[in-house]
Amino acid sequence: MTVVFVLLLGIAALLAVAYHRHQRLEDATQDLRRNLTQQEGQIKNLQQRLEDCDTLEVKAPVDTSWNAATVSDSIRVVSQNTPGK
């Protein structure tokens with residue numbers, strides 16, 4: 001009788017462990033589904049923002065720092081650095 005009771009107690013313990021493991025996996029699955037749904041929403045939002053962007057109107061600013069030296073400045077620098085005859 002004691003052996004049967006110990007076996008039943010062991011089976012109940014194994015069932016309890018399996019149930020708790022199943023609950024943890026179920027919770028993790030629901031968390032993953034929730035995160036996936038949120039990420040899909042973010043992807044759709046970003047796609048919509050990308051479609052709303054009109055890249056044809058956006059122009060890069062003109063960098064005028066390269067054009068700061070004029071042709072006369074270049075000629076003067078060359079003439080100063082060229083040795084005379």
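Just the heavy atoms: all of them, side chains too, but no hydrogens, waters or symmetry mates, feed the values below. It should be emphasised that the depicted structure is a prediction, and the values quoted were computed from it without experimental measurement. Sequence positions, counted from 1, serve as the residue numbers for this chain.
- Looking at D27 and Q23, their side chains never bring a donor and an acceptor atom within 3.5 Å of each other.
- Side chains of F5 and M1 form no contact here, defined as non-hydrogen atoms less than 4.5 Å apart.
- Atom OG1 in T2 sits 11.0 Å away from atom CG in L7 (nearest 0.5 Å).
- To the nearest 0.5 Å, atom CG of residue L15 and atom CG of residue L8 are 10.5 Å apart.
- Interatomic distance, CG of L25 versus CG of L32, reported as 10.5 Å (0.5 Å rounding).
- We find the OH-CZ distance between Y19 and R24 to be 12.5 Å, quoted to the nearest 0.5 Å.
- Applying the side-chain hydrogen bond (donor to acceptor under 3.5 Å, both in side chains) test to every pair with at least one member in residues 30-47, sequence neighbours left out, gives these pairs: D31-R34.
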